[in-house]
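Note on naming: letters A, B, ... go to the chains in the order of the sequence lines (proteins, then strands), and numbering restarts at 1 for each one.
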2 protein chains.
Amino acid sequence: MTVPPVGRRERKKAATRQAIADAALQLFLERGYDQVGIRDIADAADVSTATVFKHFSGKEALVFDEDEDRESELTAAVRQRASGQSILDALRQHVLDTWLPIAAHPQMTEFTNLVDSTPALREYAERMWTRHTDGLSAAIADEIGVDHDNLACVALARFVLQIPVIARGRQDRRAAVEEIFDILTQGWEPPSKPPAP
Amino acid sequence: MTVPPVGRRERKKAATRQAIADAALQLFLERGYDQVGIRDIADAADVSTATVFKHFSGKEALVFDEDEDRESELTAAVRQRASGQSILDALRQHVLDTWLPIAAHPQMTEFTNLVDSTPALREYAERMWTRHTDGLSAAIADEIGVDHDNLACVALARFVLQIPVIARGRQDRRAAVEEIFDILTQGWEPPSKPPAP
DNA sequence: TTGGAAAAGTTGACTCGTTGCACTTTTGCA
DNA sequence: TGCAAAAGTGCAACGAGTCAACTTTTCCAA
């Protein structure tokens, strides 16, 4: 909504927030997540620890950009899909369009290392996706015209939101996403063995 | 393994553990999970807080029986399946055989209410399943003769272990489990609309 | 322009889960 | 019987997160 924060107030607030996030990420990358305390971050950003928690819901949240509207994008992808396109294909395309570019960002590697090497962050990142199962599931159910708690819709939503988690850390993320969507579309079959050496 | 703990030592240890778990569950059910502190539980069980953590890895673990060998049961279900049975069918049968009876236990309702109404416990319960994705995925890959990190196997393991999470809280758990396995077997299709009223 | 309301930030004490340490008691066993 | 290991204790401490009272900054309307 407010792409450029307008008033001085909001600008300063955003600046403080950014200063905290920057200090946190730098310290985390330098020393490792568990070796950095909230007080270290607060000192580095020259604010109090209470201010840190006014801007971020917890220590893990310091590392990730806010969700904001991931859920609305997901539901929009389902609701406003091209006519004749299946829900599954719409989701496939949405994941390919929005998630791949972000995950492929080059200077992402040290950040990815940090997350992968810290269980708390791995779990938090996973929850950032799975948090939206209810919303996505409701959107799917609406499109089809069934109850919001329809089992097939709930299951599909859960499975689809697992895909970025599974594809993360693969060399060819695009191929991985496609392959998993194929499983959901056509059913699972044992992958073919490689020829014996 | 040690179905009846033998020595006096092990019996006493088991008794202490049980006393702690019982005190914790009772207090949680009475006041709610967040309204009970570790110190309350330790007092009720007449032990020190340090002893609580000698027996349980954390507050959430006080509520659940230990895993122990869920993972080995899962991998065994895949590895020792009837000849000619598909991996998916073996997993389907295993989930139906081992998980349904536990989840259907009658006095489970207040326990289920507790878990459902406490986010921390919901997440912990979910992790109790998803923790075994690597083991299950490796077993599947071994059976087929592909690498342990084979994408289709990792994805299947993740999806299958989501099934108890999804089916939880459904009126007819058996039907739910079957339906979700059908999705994995045959691919997802939009469920049919109910007839208009 | 100014006066105040509201937002942002500070401070410090506090709760709570969890750990570490030094110590005592209990138990198993040689 | 004696002794080492296991179990448990008591207590202090740590780090994340909260709370309440207070100060500063910013906005805006009379």
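Follow the hydrophobic side-chain contacts under 4.5 Å out from A:Val177 and you never reach A:Met108; the two are in separate clusters.
In this structure, B:His55 places its NE2 atom 15 Å from P of C:dT19, rounding to the nearest Å. One atom, CZ of B:Phe56, and another, P of C:dT19, lie 15 Å apart when rounded to the nearest Å. The CG-C1' distance, from B:Asp43 to D:dG10, rounds to 13 Å in whole Å. With rounding to whole Å, A:Lys59 atom NZ is found 21 Å from C:dC16 atom P. Rounded to whole Å, the distance from CG on A:Leu62 to C1' on D:dA16 is 11 Å. Distance, A:Leu121 CG to D:dA16 P: 13 Å, rounded to whole Å. Taking atom CD1 of A:Ile38 as the reference point, atom P of D:dA16 lies 5 Å away to the nearest angstrom. C:dA8 atom P lies 12 Å from atom CZ of A:Arg17, rounded to whole Å.
Residue A:Val52 is out of contact with every strand shown, counting any heavy-atom pair closer than 4.0 Å. Counting non-hydrogen atoms under 4.0 angstrom, B:Asp46 reaches the backbone sugars and phosphates but no base.
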Where do B:Val146 and B:Ile140 land on the side-chain contact (heavy atoms from CB on, under 4.5 Å) test, with the steps shown first? CA-CA 9 Å; B:Val146 297; B:Ile140 296 171; over 6 Å; no
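Across the interface with DNA chain D, nearest-nucleotide mapping of A:Ala50 and A:Val36 shows A:Val36 to be the residue nearer the 5′ end. For the pair A:Ser48 and A:Arg39, both in contact range of DNA chain C, the more 5′-proximal nearest nucleotide belongs to A:Ser48.
Distances from the side chain of A:Phe53 to the nucleotides D:dT9, C:dG9, D:dG17 place D:dG17 closest. Considering only the side chain of A:Lys54, C:dT10 comes nearest among C:dG17, D:dG17, C:dT10.
The aromatic rings of A:Tyr124 and A:Phe64 sit parallel, their planes meeting at an angle under 30°, below the 60° perpendicular limit.
Between A:Thr16 and C:dG9, a side-chain N or O to OP1/OP2 separation shorter than 4.0 Å is present. Between B:Thr49 and D:dG10 there is no side-chain polar atom (N or O) within less than 4.0 angstrom of OP1 or OP2.
Between B:Arg81 and B:Glu143 a salt bridge is recorded (basic side-chain N to carboxylate O distance below 4.0 Å). A salt bridge between B:Glu126 and A:Arg158 is present, with a side-chain N of the basic residue lying under 4.0 Å from a carboxylate O of the acidic one.
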